[in-house]
Amino acid sequence: MKFSIFSDLHHLPGVFMGGTAEDLALIRDRAVREGCSFVIHAGDFCHGPSHVQDYLKLYDAFPLPVYHCLGNHDTDRTPLAETLRLYHMPGDHYFFDEGGYRFIVCNPNYYRDGDAYVAYDMSNYYAFGPYRDYMPPEQLCWLRETIASAPGPCVLISHESFERPDGVKNRDEVQAIIREANRRRPHSVILCINGHHHRDFLRILDGVAYLELNSASYDWVDKKHNLYPEDLCQTYSLMSNTLVYNDPIHAVITLEGSSITIDGMESSMFMGFNRQDTDNPVYDAAGRPVTPRVQSAKLTLG
């Protein structure tokens, strides 16, 4: 079976250049053309769906099922409960079965406040930098049970990474659940996909493929640059903190037993500018460079 997945579209008019209606149309048309069963994103679709409901309707109108995964920014300007309603999500984490596989949508968008785990809601997480990106204990229990009851192999989708060193804070617990499930029943979990970090990266860890999905729109840079024309910087307020891709890069993934085929795509940098043209480091905290692509690969897990 095939599905289409993208991440970090960041639709926010007047702030970011990408995430246009044309971008959604390109993702839709490719998914239809390649016979995908559904489309899903790995978070940061927008920065508050209540403010962009016309745009959200474009996604809902795809001629195949569409799904959401919460990113840290999806609830920045819309309360969590309202975001879940507008995204037609049964909860902040959930699963669905398709084509003999179980797709488990996780939500590590929690911060720790003492012994409490607090869901991201209306930008409440900004003041808790060192304590962000946790899977609460009850969600870990749910994950274990959801994998165990699956009719076939599982694919985990989350915004933050269960693999990278600066990803989900308690990722070791998630990986332990995955290892134990695969020990009990081989290929219980075959693939984990995340967004958030705006990087293209693939790693096999303990017999599981971990795909870090690039942003569909841009690379974020902490140190501002002055590479883009002034009129664009006036039109998009954070233009100087971004390095934009020319196309909405994403992937179509085919699953067949324990084989995974990733059909990514290549794009290019808007106006040819990249990190080397700024005062920002070329590599991120995990040592991964920015590239305007989602890689293609074919894997058969042992």
Side-chain angles (χ1 to χ4, degrees), residues 6-10 12 15-19 41-44 47 71-73 76 108-109 111 120 123 125-134 158-172 175 192-205 209-230 232-233 236-251 262 264-297:
F6 65 95
S7 189
D8 295 271
L9 199 62
H10 287 285
L12 189 57
V15 178
F16 296 120
M17 183 177 174
H41 72 82
D44 285 358
H47 290 243
N72 57 303
H73 289 299
D76 273 356
N109 295 292
Y111 67 85
Y120 294 2
S123 303
Y125 61 93
Y126 277 100
F128 292 85
Y131 310 103
R132 296 200 302 239
D133 304 345
Y134 276 92
S158 61
H159 188 55
E160 294 83 6
S161 171
F162 294 142
E163 172 272 328
R164 65 155 50 216
D166 56 343
V168 174
K169 294 294 193 302
N170 55 343
R171 64 192 174 279
D172 289 345
Q175 290 179 16
C192 297
I193 307 173
N194 70 273
H196 187 54
H197 303 279
H198 295 219
R199 291 294 183 272
D200 172 55
F201 189 77
L202 178 64
R203 179 185 182 190
I204 309 299
L205 178 63
Y210 287 81
L211 174 63
E212 186 155 272
L213 194 64
N214 207 341
S215 166
S217 299
Y218 65 82
D219 175 34
W220 173 267
V221 292
D222 291 325
K223 294 181 180 178
K224 291 187 176 184
H225 61 78
N226 59 358
L227 299 172
Y228 295 138
E230 181 60 31
L232 280 178
C233 295
Y236 306 106
S237 61
L238 289 180
M239 192 74 186
S240 294
N241 284 108
T242 61
L243 293 164
V244 180
Y245 306 144
N246 281 319
D247 304 284
I249 53 179
H250 61 286
I262 303 166
M265 60 179 288
E266 295 276 346
S267 183
S268 54
M269 304 302 295
F270 177 62
M271 298 184 67
F273 296 122
N274 54 41
R275 276 189 168 242
Q276 288 88 332
D277 301 309
T278 75
D279 291 329
N280 293 272
V282 173
Y283 299 95
D284 69 4
R288 299 171 189 178
V290 61
T291 53
R293 70 166 189 169
V294 172
Q295 65 186 284
S296 295

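Heads up: numbering here begins at 1 and tracks the sequence.
A donor-acceptor pair shorter than 3.5 Å cannot be found between the side chains of His225 and Asp277. Side chain to side chain, Tyr120 and Asp133 meet the donor-acceptor criterion of an N or O pair below 3.5 Å. A side-chain N or O of Ser267 and one of Asp247 form a donor-acceptor pair less than 3.5 Å apart.
For Phe270 and Tyr218, the gap between ring centers reaches or exceeds 6.0 Å. Aromatic ring centres of Tyr111 and Tyr125 lie farther apart than the 6.0 Å criterion allows.
Rounded to the nearest 0.5 Å, atoms CG (Leu227) and OG (Ser240) are 8.5 Å apart. With rounding to the nearest 0.5 Å, the separation of OG in Ser7 from CD1 in Ile249 is 10.5 Å. Rounding to the nearest 0.5 Å gives a distance of 6.0 Å between OH of Tyr245 and OG of Ser215. Phe16 contributes atom CZ, which lies 7.5 Å from atom OG of Ser237 (distance to the nearest 0.5 angstrom).
The side-chain heavy atoms of His10 and Trp220, taken from C-beta on, include no pair separated by under 4.5 Å. Considering only heavy atoms from C-beta on, Leu243 comes within 4.5 Å of Tyr228 through its side chain. Looking at heavy atoms from C-beta onward, Asn194 lies out of side-chain contact with Glu163 at the 4.5 angstrom threshold.
Between the side chain of Arg199 and the main chain of Arg288, a donor-acceptor pair closer than 3.5 Å is present. Put simply, the side chain of Thr242 never gets that close to the backbone of Val244: no donor and acceptor are under 3.5 Å apart. The main-chain N or O of His196 is found under 3.5 Å from a side-chain atom of Asp8 such that the two form a donor-acceptor pair. No donor-acceptor pair under 3.5 Å is formed between the side chain of Asn170 and the backbone N or O of Tyr134. Checking side-chain atoms of Arg171 against main-chain N and O of Arg164 turns up a donor-acceptor pair under 3.5 Å. Checked by atom type and distance alone, the side chain of His198 never pairs as donor or acceptor with a backbone atom of Asn214 at under 3.5 Å.
Applying the side-chain contact (heavy atoms from CB on, under 4.5 Å) criterion to Asn280, with sequence neighbours excluded, gives Val221, Asp222, Lys223, Arg275, Thr278. Remark: Ser123 engages Asp76, Tyr126 in a side-chain contact (heavy atoms from CB on, under 4.5 Å) (not counting sequence neighbours).
Nearest heavy atom pair, residue Ser296 against residue Gly264, reads OG-N, 2.8 Å. Pairing each heavy atom of His197 with each of Gly167, the nearest pair is NE2-CA, 4.3 Å. Ala251 and Leu213 get closest at one heavy-atom pair: CB-CD1, 4.3 Å. In terms of heavy atoms, Val168 sits closest to Pro108 at CG2-CB, 3.6 Å. A pairwise comparison of heavy atoms in Cys233 and Met239 identifies CA-CB, 4.0 Å as the closest pair. The minimum heavy-atom distance between Asp44 and His159, with the atom names listed, is OD2-NE2, 3.1 Å.
No salt bridge links Glu160 with Arg132; every basic N to acidic carboxylate O contact stays at or beyond 4.0 Å. Salt bridge absent: Lys224 and Asp279 never bring a charged side-chain N and a carboxylate O closer than 4.0 Å.
Note: His47 and His73 have parallel aromatic rings, judged against thresholds of 30 and 60 degrees for the angle between ring planes.
Within a 6.0 Å sphere centred on OH of Tyr131, other residues, nucleotides and ligands contribute 12 heavy atoms or fewer. Heavy-atom contacts from other residues, nucleotides or ligands closer than 6.0 Å to CG of Asn226 number 12 or fewer.
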Practice task
Give the intermediate values and the outcome of side-chain contact (heavy atoms from CB on, under 4.5 Å) for residues Gln276 and Val282.
Solution key: CA-CA 6 Å; Gln276 288 88 332; Val282 173; 4.0 Å; yes
Exercise for the section: Might you work through the side-chain contact (heavy atoms from CB on, under 4.5 Å) test for Gln175 and Leu205, ending with a clear yes or no? Expected result: CA-CA 9 Å; Gln175 290 179 16; Leu205 178 63; 3.8 Å; yes
Practice task
Check the pair Leu202 / Glu212 against side-chain contact (heavy atoms from CB on, under 4.5 Å), numbers first and verdict last.
Solution key: CA-CA 6 Å; Leu202 178 64; Glu212 186 155 272; over 6 Å; no
Practice task
Evaluate the side-chain contact (heavy atoms from CB on, under 4.5 Å) criterion for residues Ile262 and Leu211: first the C-alpha distance (whole Å), next the side-chain angles of each, then the deciding distance (0.1 Å), finally the verdict.
Solution key: CA-CA 9 Å; Ile262 303 166; Leu211 174 63; 4.1 Å; yes
